[in-house]
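Heads up, the thing below is written out as structure tokens.
Here the structure is a predicted model, which is why all the values come from computation and not from measurement. Residue numbers run from 1 in the order of the sequence given.
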Amino acid sequence: MSDRGAAARALLAMGRDTADDRTVALRICRACAAGLDVDGAAISIHTASDTRQTLAATDKTATVLEELQFTLNEGACVEAATTGNPVLVPDLLHSTEVERWPVFAAAVAERTQVRALFALPLQWGAVNLGVLDLYRRAPGRLDDTRQRDALDAADIATVMLLGRVTDPDGQAGDWPDGTALSRPEIHQATGMVLAQLDTTAPDALARLRGHAFAHDRLLIDVARDVVTRRLTFYDDREQP
């Protein structure tokens, strides 16, 4: 244990936490933020799918980063989830890596002061639980020691969370405390647009995302307008 970094040691010291899922995830985020010398952290689950949810975030900026990636369906976190590999971006303004998701990079620059992002998949074998997102306001890479600590901490966090999302056969299942409903407005709005356009759920969600992008809004805000009937979709147009 003496070879572990500060973040990994903090997670190991937590032991078996009997608190609810969100509280445990928030404690993990805070321990990682403190131990890795970053400004904030978040954990998302089902990250690579349309049912993605934010389980915990240390602050408003971390929450905005998660919402932007969910809205735009691109970014470091999404890439980490789909590839299963860490995505480490030392400078969002100058890194050639962000050419893969320029819309997200531009949105982050416009809405936040974040300069560096580090997305670490929470993966154990074939099971991908989600992603641990870290951000820093100052540009710069994680040094070798902190990078090893970050990867180690992500593995420990995965083990800590794995028992909360597996059934007796070891298959990934639902979060026991109803976390999958943490964005109920989006699920409800998708169903309403599906009925309005007589289309499929993926297409309805794509229409919501398209409207959010076109109007420079977060998906959750567009969904709330649909649910409250301030926004209705008809064929190839939307009507407020």
Side-chain angles (χ1 to χ4, degrees), residues 7-8 10-12 14-36 38-84 86-87 104 112 114 117-125 127-135 150-167 171-188 190 205 218-220 223:
L11 296 190
L12 289 172
M14 289 171 58
R16 182 174 178 80
D17 201 319
T18 58
D20 63 272
D21 300 334
R22 291 182 179 279
T23 300
V24 171
L26 183 57
R27 289 171 181 168
I28 291 172
C29 288
R30 287 173 173 167
C32 289
L36 296 168
V38 295
D39 292 309
I43 288 177
S44 63
I45 59 172
H46 308 305
T47 315
S49 73
D50 287 339
T51 59
R52 168 187 174 154
Q53 309 295 334
T54 300
L55 189 60
T58 57
D59 55 79
K60 183 177 179 180
T61 297
T63 300
V64 169
L65 289 171
E66 296 301 304
E67 291 294 344
L68 285 174
Q69 293 184 92
F70 187 80
T71 298
L72 301 171
N73 200 30
E74 68 173 35
C77 183
V78 175
E79 185 169 318
T82 54
T83 65
V87 178
F104 167 71
T112 76
V114 172
L117 281 175
F118 313 105
L120 309 172
L122 300 175
Q123 188 154 341
W124 193 261
V127 178
N128 187 319
L129 299 181
V131 174
L132 170 64
D133 260 343
L134 310 170
Y135 81 83
L151 296 173
D152 199 12
D155 286 342
I156 295 169
T158 302
V159 173
M160 292 175 66
L161 295 172
L162 187 60
R164 296 171 173 266
V165 294
T166 54
D167 60 28
Q171 300 298 315
D174 293 331
W175 289 83
D177 66 353
T179 301
L181 297 177
S182 65
R183 285 193 181 96
E185 299 97 332
I186 293 177
H187 300 299
Q188 186 177 352
T190 299
L205 182 58
L218 294 176
L219 181 58
I220 186 68

To the nearest 0.5 Å, atom OG1 of T63 lies from atom CG of L68 at 11.0 Å

State, with a plain yes or no, whether a side-chain heavy atom of I186 is found less than 4.5 Å away from one of F70.
yes

Contacts of A62 meeting side-chain contact (heavy atoms from CB on, under 4.5 Å) (sequence neighbours excluded), chain-then-number -> A42, A57, T58, D59, Y135

Spacing of CD belonging to Q69 relative to OG1 belonging to T54, to within rounding of 0.5 Å
9.0 Å

Heavy-atom pair with the smallest gap, counting every atom of P121 and G84
CG-O, 3.4 Å

Provide the closest heavy-atom pair for A25 versus I43 in the form atom of the first, atom of the second, distance.
O-CD1, 3.8 Å

From L11 atom CG to D155 atom CG, the distance as rounded to the nearest 0.5 Å
11.0 Å

Testing L134, V87, L65 one by one against L117 for a side-chain contact (heavy atoms from CB on, under 4.5 Å), which residue passes?
L65

Polar side-chain atom of E67 near backbone of L218 as donor-acceptor pair, under 3.5 Å
no

Rounding to 0.5 Å, atoms CD1 (I28) and CD1 (I156) come to a distance of 10.0 Å

Between L129 and Q123, is any pair of side-chain heavy atoms under 4.5 Å apart?
no

First locate atom CZ of R27, then atom CE of M14, and finally report the distance between them rounded to the nearest 0.5 Å.
6.5 Å

So which pairs with a foot in residues 69-83 pass salt bridge (charged side-chain N to carboxylate O under 4.0 Å, His left out), sequence neighbours left out?
E79-R100

Please report the shortest heavy-atom distance between L120 and P86, naming the atom on each side.
CD2-CB, 3.9 Å

A7 meets the side-chain contact (heavy atoms from CB on, under 4.5 Å) criterion, sequence neighbours left out, with L36, D149, A153

Is a side-chain N or O of E185 found less than 3.5 angstrom from the main chain of I220, in a donor-acceptor match?
no

Would you call L219 and L205 a side-chain contact if the rule is heavy atoms closer than 4.5 Å?
yes

Could you grab the distance from atom CG of N128 to atom CG of L122, nearest 0.5 Å is fine?
7.5 Å

